[in-house]
Amino acid sequence: MENRQQVIGKLRQDLLHWEGYKPPVSGRYEQLGLGALEHVFPNGVFPKNCIHELVCASIEQAAASGGFVSAVLSLLIQTGGVCVWIGRARRLYAPALAAFGVAPHQVIFITLHKDKDALWVMEEALKCTGLTAVVCELREMDFKQSRRFQLAVESSRVTGFVLRNATDKLSSTACAARWQIKSLPSTELDGLPGLGFLRWQVDLLKVRNGHTGSWQLEWQDGCFVPVKELIINEERQVG
Amino acid sequence: MQKRFMAIWFGHLLTDGLARRRPELKDVPFVLVAPVKNKIIITAASAAAEKEGAFTGMAVADARSAVPDLLAIDAVSGQAANLLRLIGLGCIRYTPIVSLNLPDGLMLDISGCAHLWGGEREYLKEIVLKLRAAGFDARAAIADTVGAAWAVARYAARRPIIGSGEQASAIAGLPPAALRLPPEILEKLQKLGFRNIGPLLDIAPQSLRRRFGTNLLLRIDQALGRVDEYPEALVPPVPYTERLPSLEPIRTVPGIEIAIEKLLEMLCLRLQSDGLGIRKAILKCHRIDGRKVQVGITTTKGSHSVSHLLRLFRLQIDKIEPALGIELFIMEATRTEEMDVVQEQLWAEAKGLGDTSLAELLDRIAGKVGANVIQRFLPAESHWPERSIKLAVSLDEQPQTAWSALPRPIRLLNQPETIEVMALVPDHPPKLFVHKGKRHTIAKADGPERIGREWWQDSGQHRDYYIVEDSEGCRYWVFRSGHYDGGDAQWYLHGYFA
């Protein structure tokens, strides 16, 4: 029985290897710092040379997804790394990125109104080896487009994030992971009134070669901290 | 290299130009007239009018006695220069250096150009036939010097091509007027019986100078090539220019691509050896129907990479309308930039704003969608949210001040949207707000952060910003414009926090 488990494990590793997931090099720390969340991915490492898809059902969720992506970017971007952010209208407010540890002047914003242009720019940007990450806001993305993105990143080793509108029936895509980020009520710090740390409900809806899951994370001073205690959603009077 | 010049002379420039625009005048004797001292004088006569006896310089009344049905049209001043300019621009396909020779000619510097048309005879024939087909009475001559070409084009009946170094024998038989001299000297020469230039060449320069001044000597020296003469180019030549004439007119996209690639290879080789890179380049395509189409590219960083520049031009190819075909491609690097010689890196790990592939990506995006969609922000010294960022001018520009550490929403609305608010106590955060018909009950709030207007920028109400979190956990940035008790206080939603 033990032997059989080992064989299956070995075959799984081989499959992953063929699909482009390299096992972590010994002596090198590849984890991004997402904590428990990271273990669901193949080899226990956040896949960097892939496309991640974030579905947003409302403008509040789009903001939460933007925040989550910025936080991940700060972990991805080493000093001096550059990111391209493709948006529909200029709605992302650059100074907010500083709070997530991303230097806003290291981000190049590209404002496009047509999805057609955005798809072209996204694909070109993903092919560019001089970038660390590319974020794109899209209305729709079908399987063919996601496949093209995936092919583009495989050679350039750029991380791609697609923020897309959630529709009733989400078509399947070639992305490595599909996320949904929702804001959660924060808890007060040391009993002081006001807002606490940013807190999100992070749902991993789909993962290639991994396990889906659901977590509650807080962004505290430059790192993700999982939330353990129960949230008491009590009605509190302000003012 | 031996210089070669071609002079083109138009016998009836103005009248031919007018007949071209108004075909009904083609075989009618007509003249262009202008008033001079109470008399109407002919300034230009058409070929048909000259045949019947109406010449330039006559009064119209006198000419009418010879040609009763003479048509007189008012002359437009400056017309000759305009016409010559247009014809000259058309001639740029034959040589880059074309200059105007007012009032009735063009001078082309054809050094090193004629062999592309199979020799000087074919070159001259091509140009003259093309001009005659367009309706101009044109004659041309080729010689080593501007003076000799000018003289032969206007005064010699035969042999328009003067071999290298044969200027003296070519102009010896021509009248002194062929030396481009002012009328008073011509008159003096006429009086002394000089019918040809030949005898003048045999006289010692000192005696000529004593009698006629230095002007005559200068003109003779210029015609014979002892003194250099540099005509002023109509279009100043760009230092980094490459030309590619095509044997057959090119109409297809692959053909144009090959032409662009060849031109870029030639141009980039030169630029590379000079340590320069292209910032702006223009591709000019001369079509066989006489029209010109051009497309341009710009780069964010100087580049002499053929593959990159070719990719930029490839995005522009569909803007080139080849019509019947393109016979000449000209690539000009109108703006260049000194480039640091970059050492090839073995460990190309340093990704950053100075990365070449990033600059190339931005060039491609600018070429496809437009440069205005690419933005990079730097902090500005202002707390007012809309004014706290400014656009960076270049990729290298670094922030002058630090980014603000205050909490700011990740999404900011371009225009704050009005909300309905209920607050329990004045000057406190609201208890609930209604935005677009949706009720948000507020559970937690931070604030207020008062941001005043900068009085030197504009006047108006200050804003009191609150960060509020509703019962579902969504975080918003709302503000009250003005004081609570002012009566005109209005609440707005300005952004969304993550």
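A note on names: the letters A, B, ... follow the listed sequences, proteins ahead of strands, and every chain is numbered from 1.
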Engineer: Rounded to the nearest 0.5 Å, how far does CZ of R408(B) lie from CG of L97(A)?
Structural biologist: 13.5 Å

Engineer: Is it the backbone or the side chain of L112(A) that comes under 4.5 Å from a heavy atom of chain B, or both, or neither?
Structural biologist: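 Only the side chain of L112(A) comes within 4.5 Å of chain B.
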
Engineer: Rounded to the nearest 0.5 Å, how far apart are CD1 of I110(A) and CG of L362(B)?
Structural biologist: 6.0 Å

Engineer: Assess whether side-chain contact (heavy atoms from CB on, under 4.5 Å) is satisfied between V121(A) and V373(B), documenting all intermediate values.
Structural biologist: CA-CA 11 Å; V121(A) 172; V373(B) 304; over 6 Å; no

Engineer: Can any side-chain N or O of R376(B) pair as donor or acceptor with the backbone N or O of H105(A) at less than 3.5 Å?
Structural biologist: yes

Engineer: When rounded to the nearest 0.5 angstrom, what distance separates CD in E124(A) from NZ in K368(B)?
Structural biologist: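 One finds 8.5 Å between CD of E124(A) and NZ of K368(B).
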
Engineer: Please classify the contact of E397(B) with chain A as side chain, backbone, both or neither, using a heavy-atom distance under 4.5 Å.
Structural biologist: neither

Engineer: Do the non-hydrogen side-chain atoms of H440(B) and E60(A) ever get within less than 4.5 Å of each other?
Structural biologist: yes

Engineer: Measure L361(B) against the heavy atoms of chain A and call it side chain, backbone, both or neither at under 4.5 Å.
Structural biologist: side chain

Engineer: Can you tell me which of F100(A), F68(A), W120(A), W85(A) forms the most heavy-atom pairs within a distance under 4.5 Å of chain B?
Structural biologist: W120(A)

Engineer: How far does NZ of K182(A) sit from SG of C474(B), to the nearest 0.5 angstrom?
Structural biologist: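 With rounding to 0.5 Å, NZ (K182(A)) is 10.5 Å from SG (C474(B)).
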
Engineer: With respect to chain B, which residue among A63(A), A103(A), A99(A) yields the maximal number of heavy-atom pairs within a distance under 4.5 Å?
Structural biologist: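 Maximum pair count with chain B is reached by A63(A).
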
Engineer: Once rounded to the nearest 0.5 Å, what's the spacing between atom OG1 of T187(A) and atom NZ of K444(B)?
Structural biologist: 7.0 Å

Engineer: If every non-hydrogen atom of G473(B) is compared with every non-hydrogen atom of S183(A), which pair is closest and at what distance?
Structural biologist: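 Shortest heavy-atom separation between G473(B) and S183(A) comes out as O-CB, 3.1 Å.
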
Engineer: Any non-hydrogen side-chain atom of P185(A) less than 4.5 Å from a side-chain atom of E469(B)?
Structural biologist: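 P185(A) reaches E469(B) side chain to side chain.
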
Engineer: Highest number of heavy-atom pairs under 4.5 Å with chain A: which of D446(B), I410(B), V369(B), L413(B)?
Structural biologist: I410(B)

Engineer: Please work out which of the three classes, parallel, tilted or perpendicular, describes the rings of F109(A) and F377(B), given edges at 30° and 60°.
Structural biologist: tilted

Engineer: Is L406(B) in contact with chain A via its backbone, its side chain, both, or neither, using a 4.5 Å heavy-atom distance?
Structural biologist: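 For L406(B), no heavy atom lies under 4.5 Å from chain A.
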
Engineer: side-chain contact (heavy atoms from CB on, under 4.5 Å), that's the test. Do L198(A) and R475(B) meet it? Break it down for me.
Structural biologist: CA-CA 9 Å; L198(A) 296 176; R475(B) 289 167 275 266; 3.5 Å; yes

Engineer: Using non-hydrogen atoms only, which part of P407(B) is less than 4.5 Å away from chain A: side chain, backbone, both, or neither?
Structural biologist: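 When you check distances to chain A, no heavy atom of P407(B) falls under 4.5 Å.
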
Engineer: Give, for atom OH of Y476(B) and atom CD1 of I59(A), the distance between the pair rounded to the nearest 0.5 Å.
Structural biologist: 9.5 Å

Engineer: So which part of S70(A) gets closer than 4.5 Å to some heavy atom of chain B, the side chain, the backbone, both or neither?
Structural biologist: side chain

Engineer: Which atoms of A62(A) are under 4.5 Å from chain B, going by heavy atoms: the side chain, the backbone, both sets, or neither?
Structural biologist: both

Engineer: Can we say E137(A) and R411(B) salt-bridge, meaning some charged N sits less than 4.0 Å from an Asp/Glu carboxylate O?
Structural biologist: yes

Engineer: Provide the closest heavy-atom pair for W200(A) versus A498(B) in the form atom of the first, atom of the second, distance.
Structural biologist: NE1-C, 3.5 Å

Engineer: What residue, out of S58(A), P95(A), P193(A), has the most heavy-atom pairs lying under 4.5 Å from chain B?
Structural biologist: P95(A)

